[in-house]
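So you know, we letter chains A, B, ... as the sequences are listed, proteins then strands, and number each from 1. Quantities reported herein were computed from a predicted structural model and do not represent experimental measurements.
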Amino acid sequence: MNSSLIKKDTITLDANTFDPDVTFDCGQCFRWDKREDGAWCGVAYGRKLTVKKDGGGLFIEGADECTFEAVLKGYFNLDRDYDKICGQLSGDPVLAAAIQFAPGIRILRQEPWEALCSFIISQNNNIPRIKGIVSRLCENFGDLIADGEHAFPPAERLAPLSVQELSPLRSGFRAGYILDASRRVVDGEVDLAALSEMPLDDARKSLMKIKGVGPKVADCALLFGCGRLDAFPVDVWIKRVLARFYPDGFPQEYIKYGGIAQQFLFHYARCCEDSGF
DNA sequence: AGCCAGGACAAGT
DNA sequence: ACTTGTCATGGC
């Protein structure tokens, strides 16, 4: 993947297969919004970023080359060979159709704590409201990093708080879950940094010690926050896909990149519910 | 107005 | 091990 520095704090990529519209709007992240001019604005790793696609180029504004190499390349999954991965996954006809439907989806590797916290909030909730709660969480407790933009508050910032103090979030019964998660992370009972290396099942069990974290939320945290592309979150949409197309279970030969497959299937099913996908 | 949302938990078979 | 009611809030 070629990248070049055309001006300070703007990276230009030859990344014509990366589709910001679907990547930022497919339910994996909650801090990106599309501007009137079509550019996407969001906060990741404590930086305010703007992503714009123009012709075949992808413009990332808000980070220098050094930051891009160290952090953002991984965040945008530009260090993965999606052509190769999607080629493999397309050996399955259903996956081939889902990938062809939106080939530009990329799994974002978010900060582990942000992903965990966001998907705790996501349970029995809808995407617009999840974004609202996450937004209020950052506004109330995250460091100010630019005009009107806040970083995601670290677990250390939330752990000392009470449920009452989280009431501005209007997160309902999830407030206690957020606090339980932040406390277990702060006291080291859950080691987020170690989750990317552990056997997958151990990592899931570790996360599920947290009140409010079941199999689905654990898998989302691992996939979207720890780079575990073998994690396969099963929500209501994926259950429908599995029941209809994979009655004997998801084929094991594709489980190595099951998380990527899952996101293509999730988006496909959600977009095509009326046509019976 | 009423149904449902990228679920998890506790209590019940 | 599987099923069911409940949880707090608001988007559509």
Report which part of the nucleic acid [X] touches: base, sugar-phosphate, or nothing (heavy-atom distance under 4.0 Å, all strands).
X	answer
A:Val213	sugar-phosphate
A:Ile127	sugar-phosphate
A:Ile210	sugar-phosphate
A:Gly27	base
A:Cys29	nothing
A:Phe224	base

Among [options], find the nucleotide with the atom closest to the side chain of [X].
X	options	value
A:Ile238	B:dA8, B:dG6, B:dA5	B:dG6
A:Gln123	B:dA8, C:dG10, B:dG6	B:dA8
A:Tyr177	C:dA8, B:dC9, B:dG6	B:dC9
A:Trp237	B:dG6, B:dA8, B:dG7	B:dG6
A:Gln262	B:dG6, B:dG7, B:dA5	B:dG6

Figure out the [atom1]/[atom2] separation between [X] and [N], and round it to whole Å.
X	N	atom1	atom2	answer
A:Ile120	C:dA8	CD1	P	18 Å
A:Lys239	B:dC4	NZ	P	16 Å
A:Asn125	C:dA8	CG	P	14 Å
A:Leu242	B:dG6	CG	C1'	14 Å
A:Leu207	B:dA8	CG	P	12 Å
A:Lys211	B:dA10	NZ	C1'	12 Å
A:Lys205	B:dA8	NZ	P	17 Å
A:Arg170	C:dG10	CZ	P	5 Å

Could you check whether the side chain of A:Arg129 and the base of C:dT9 have a donor-acceptor pair of N or O atoms closer than 3.5 Å, going by distance alone?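 Checked by distance alone, the answer is yes.
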
Gap in Å between the two P atoms, one belonging to C:dT4 and one to B:dG6, rounded: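 My reading of the P atoms in C:dT4 and B:dG6 gives 23 Å.
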
Between C:dA8 and B:dA11, how far is it from one P atom to the other, in whole Å? 16 Å

Any A:Arg174 side-chain N or O less than 4.0 Å from OP1/OP2 of C:dA8: no

Any idea how A:Trp40 and A:Phe24 line up, ring-wise: parallel (<30°), tilted (30 to 60°), or perpendicular (>60°)?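 Tilted, since the angle between the ring planes falls between 30° and 60°.
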
In terms of the angle between their ring planes, are A:Phe119 and A:Phe224 parallel, tilted or perpendicular, with boundaries placed at 30° and 60°?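 A:Phe119 and A:Phe224: parallel rings.
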
Check A:Lys239 with A:Asp235, please: is the shortest side-chain N to carboxylate O separation under 4.0 Å?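 A:Lys239 and A:Asp235: not salt-bridged.
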
Using a 3.5 Å distance criterion without hydrogens, assess whether the side chain of A:Tyr268 forms a donor-acceptor pair with backbone atoms of A:Val94. no

For A:Tyr257, is there any backbone N or O sitting under 3.5 Å from a side-chain donor or acceptor partner on A:Asp230?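 No; judged by distance alone, with no hydrogens or angles, the pair does not exist.
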
Looking at every non-hydrogen atom in both residues, tell me the closest pair between A:Leu222 and A:Leu200 and how far apart they are.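 Looks like CD1-CD1, 3.9 Å.
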
